[in-house]
Amino acid sequence: MKLRIEDDTLRLRLSAGEVQEFASTGRVEGSVHFGHSPEQRLTYALERGSEPAQTLPQAEPVQVHYAPGAITVLVPFALARAWVETDQNSFSHNLPLTENKHLRILVEKDLDCRH
């Protein structure tokens, strides 16, 4: 899975195999190691909600959880299912932040990737 972070944009690109893994397990992750210790690693993941009604109506449909060393993009069950079961190549969401800022989240199928 490719991770691209630029300004207030977070982009994940999944290969066909990773899309299949996400479809079957509900989670796919990657990591970047910056040193020898486990603390010197960034893990990034795409995770599906487990229930069709898990997301509350007032909650953002796509969410990001950040903790030191870990970024997880959370996707509602119905959106994830539609994305993996159709020809839909991508989905995006502008997550409102403080001070009139937004985090643009973009998740794409990188189906031409052959590595």
Side-chain angles (χ1 to χ4, degrees):
M1 178 169 47
K2 297 176 186 174
L3 169 67
R4 182 175 183 181
I5 300 173
E6 184 177 0
D7 297 325
D8 284 333
T9 301
L10 178 67
R11 179 180 174 195
L12 298 174
R13 290 182 61 98
L14 283 72
S15 68
E18 291 163 335
V19 172
Q20 277 294 67
E21 180 182 344
F22 179 68
S24 64
T25 68
R27 182 177 170 88
V28 64
E29 72 176 35
S31 61
V32 178
H33 297 83
F34 297 103
H36 297 290
S37 71
E39 295 82 25
Q40 294 177 303
R41 176 183 68 200
L42 172 64
T43 300
Y44 51 97
L46 178 65
E47 188 172 308
R48 175 189 69 214
S50 58
E51 303 274 337
Q54 183 180 10
T55 303
L56 299 174
Q58 70 270 21
E60 289 299 319
V62 177
Q63 300 177 13
V64 174
H65 286 178
Y66 171 77
I71 300 170
T72 303
V73 175
L74 302 166
V75 181
F77 183 90
L79 177 59
R81 184 175 180 182
W83 181 63
V84 300
E85 293 181 358
T86 67
D87 290 339
Q88 178 183 346
N89 188 58
S90 65
F91 62 88
S92 65
H93 180 69
N94 286 321
L95 184 66
L97 304 174
T98 60
E99 300 174 11
N100 294 324
K101 294 184 184 244
H102 289 83
L103 174 63
R104 182 168 187 249
I105 303 164
L106 179 60
V107 179
E108 301 173 304
K109 294 176 184 172
D110 192 10
L111 301 181
D112 294 331
C113 184
R114 301 287 182 228
H115 62 83

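Along the sequence shown, the residues carry numbers beginning at 1.
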Go through the structure and list residues passing side-chain contact (heavy atoms from CB on, under 4.5 Å) with [X], not counting sequence neighbours.
| X | answer |
| --- | --- |
| Ala23 | Gln20, Val84 |
| Ser31 | His33, Arg41, Thr43 |
| Thr98 | none |
| Leu103 | Leu10, Val64, Leu95, Leu97, Ile105 |

Q) Excluding sequence neighbours, so at least two apart, what forms salt bridge (charged side-chain N to carboxylate O under 4.0 Å, His left out) with Glu18? A) none
Q: Kindly write out the residues that satisfy salt bridge (charged side-chain N to carboxylate O under 4.0 Å, His left out) with Glu39, not counting sequence neighbours, or none if the list is empty.
A: none
Q. Which atom names give the shortest non-hydrogen contact between Lys109 and Asp87, and what distance separates them?
A. NZ-C, 4.3 Å
**Q.** Residue pair Leu14 / Met1: nearest heavy atoms and the distance that separates them
**A.**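 The pair with the smallest heavy-atom distance is CD1-SD, 3.8 Å.
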Q: Give every residue pair that meets the salt bridge (charged side-chain N to carboxylate O under 4.0 Å, His left out) criterion with at least one member in residues 93-103, sequence neighbours excluded.
A: none
Q: Would you list the pairs meeting salt bridge (charged side-chain N to carboxylate O under 4.0 Å, His left out) in which at least one residue belongs to residues 27-36, sequence neighbours left out?
A: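 Passing the test, one end in residues 27-36: Arg27-Glu29, Arg27-Glu47.
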Q. Same hydrophobic cluster for Ile5 and Leu106, using side-chain heavy-atom links shorter than 4.5 Å among ILVMFWY?
A.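 No, no single cluster joins them.
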Q) Is the closest side-chain heavy-atom distance between Leu42 and Leu3 below 4.5 Å? A)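 Heavy-atom side-chain distance check passes, below 4.5 Å.
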Please table the atom pairs, donor to acceptor, closer than 3.5 Å between any side-chain atom in residues 65-83 and protein atoms at least two apart or in another chain.
unit_1, atom_1, unit_2, atom_2, d
Arg81, NE, Glu85, OE1, 3.3
Arg81, NE, Glu85, OE2, 3.4
Trp83, NE1, Asn89, O, 3.2

(Q) Test of understanding: with side-chain hydrogen bond (donor to acceptor under 3.5 Å, both in side chains), list the residues that count as partners of Gln88, not counting sequence neighbours. (A) none
Q.
List the residues meeting side-chain hydrogen bond (donor to acceptor under 3.5 Å, both in side chains) with Arg13, not counting sequence neighbours, and say none if there are none.
A.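 In terms of side-chain hydrogen bond (donor to acceptor under 3.5 Å, both in side chains), with neighbours along the sequence ignored, Arg13 is linked to Glu108, Asp110.
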